[in-house]
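Not measured: the values here are computed from a predicted model.
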Amino acid sequence: MGAQQYSDKDVDTMADTLAALVAGGMTLQGAQTALAYAPEGLVHEARLRYEKRLNLIREIPDPGILAEIERKRGFWYSGPRREDVVWPTLKARLLEELPEAAVAGVDAASSKVIGLGSPPGKESIRTRGLVLGYVQSGKTTNFMSVVAKAADVGYRLIIVLTGTTENLRTQTQDRIDEYLISPCTPILHPLTSVDADFSATTTADAILNSQSLRSIAVVKKTPHVYAGCIDGSRRLLRQHFKIVQFSSLTMRQIKHPLMLERRDNQQLMV
């Protein structure tokens, strides 16, 4: 009697489960062991499919060298899963406005950025990154895609730094509201608005208490607002998360938060 055959749907579902366990902080071998209750052949096929997805993203060409250390340490993100909500919603909107090839490029690039970071469930996270882009090259679309995939994979607090002017902050907030927050209101909760930057009175206690919700703040990088955001984030995170690290880094990941910085005046996005 030959080996049992499993449907593509079953293998894909099990591969998504492996990906979710790895995102939660497990090693791939540990995730496979945790699935010992499932048929061994199915888990084996799912691992092969997960690793195939992984290699497709890992091998996306980039300007190279700066990411070499992270690539050697390991690559964990295998791409969007069937149960994801935020990225599929954003992707559908982008396909209405951009050529399919352009959206495919953004999809690949943003998956590479997520994969070079750390799984949100990892006990200790010290990741920082830099993504360069020309003026009008699609930096906002790219980092919105990173935000969408980060939200889907389990990051629960996302902070976008937008430069020093309120005009740029409101433009970015308006774009994020339109493309991410409004279409995904049951999942994404704004800590800032077009009319209000982050302040000492900003509260997210109820939101951060819910495992299924994601909070987003779009913040000016001016001394008082930046400091207020960091202090407020410390306060919120002390209440709801173990703080792994807080220092003056351009990009922070602190047990489910993700911080991104936009520097249009320097033609780059971090």
Side-chain angles (χ1 to χ4, degrees), residues 11-32 34-35 43 45-64 66-91 94 103-131 141-158 160 180 184 187-188 211 214 216 244 251-260 269-270:
V11 176
D12 277 337
T13 299
M14 187 60 69
D16 286 346
T17 302
L18 273 174
L21 291 173
V22 173
M26 287 187 177
T27 63
L28 180 54
Q29 185 58 50
Q32 187 171 352
L35 295 173
V43 176
E45 287 190 35
R47 175 166 179 163
L48 293 178
R49 186 157 302 184
Y50 169 81
E51 290 177 331
K52 183 178 180 181
R53 294 178 189 171
L54 212 60
N55 286 328
L56 287 174
I57 295 174
R58 183 190 285 120
E59 298 306 318
I60 294 169
D62 58 46
L66 294 177
E68 193 62 29
I69 294 175
E70 284 74 13
R71 193 180 291 116
K72 288 178 179 176
R73 286 175 180 163
F75 198 91
W76 62 276
Y77 182 66
S78 61
R81 300 163 298 178
R82 261 192 280 200
E83 68 265 28
D84 290 348
V85 174
V86 186
W87 165 246
T89 301
L90 175 61
K91 181 180 179 181
L94 295 178
V103 176
V106 169
D107 187 2
S110 55
S111 287
K112 190 72 174 284
V113 172
I114 293 290
L116 288 171
S118 295
K122 191 176 179 182
E123 182 64 22
S124 178
I125 296 176
R126 295 187 63 186
T127 304
R128 63 209 73 173
L130 177 69
V131 180
T141 298
N142 186 280
F143 82 66
M144 286 197 305
S145 300
V146 171
V147 166
K149 292 179 180 182
D152 280 331
V153 84
Y155 283 93
R156 292 175 56 199
L157 174 59
I158 298 166
V160 179
L180 291 174
C184 300
I187 298 171
L188 299 179
Q211 294 286 335
R214 310 289 184 253
I216 300 181
V244 177
M251 179 175 179
R252 298 175 184 78
Q253 294 172 309
I254 309 169
K255 192 67 176 176
H256 300 303
L258 172 70
M259 182 174 284
L260 303 169
M269 184 276 290
V270 176

Is there side-chain contact between Val22 and Leu18, with heavy atoms separated by less than 4.5 Å?
-> no
Can you name the closest pair of heavy atoms from Ser78 and Arg53 and give their distance?
-> O-CB, 3.4 Å
Which distance, rounded to the nearest 0.5 Å, do you find between the NZ of Lys149 and the OH of Tyr155?
-> 14.0 Å
Find the distance between CG (Leu94) and CG (Asp107) and round it off to the nearest 0.5 Å.
-> 9.5 Å
Shortest non-hydrogen separation from Pro80 to Asp84 and the atoms involved = CA-OD2, 3.2 Å
How long is the span from the CZ atom in Arg82 to the CG atom in Asp12, to the nearest 0.5 Å?
-> 4.5 Å
Side chains of Lys122 and Trp76: closer than 4.5 Å at any heavy-atom pair?
-> no
Where is the tightest heavy-atom contact between Met26 and Ala31, given as atom of each residue plus distance?
-> SD-CA, 3.7 Å
Taken to the nearest 0.5 Å, the spacing of Asp16 CG from Leu21 CG works out to 11.0 Å
Pairwise distance CG(Leu90) to OG(Ser145) - rounded to 0.5 angstrom = 5.0 Å
Shortest non-hydrogen contact from Pro120 to Val153?
-> CG-O, 3.5 Å
Is it true that Arg214 and Asp152 make a salt bridge, defined as a side-chain N closer than 4.0 Å to a carboxylate O?
-> no
If you measure from the Lys or Arg side-chain nitrogens to the Asp or Glu carboxylate oxygens, is any gap between Glu45 and Arg49 under 4.0 Å?
-> no
Nearest 0.5 Å, what's the CE-CD distance between Met14 and Gln32?
-> 10.5 Å
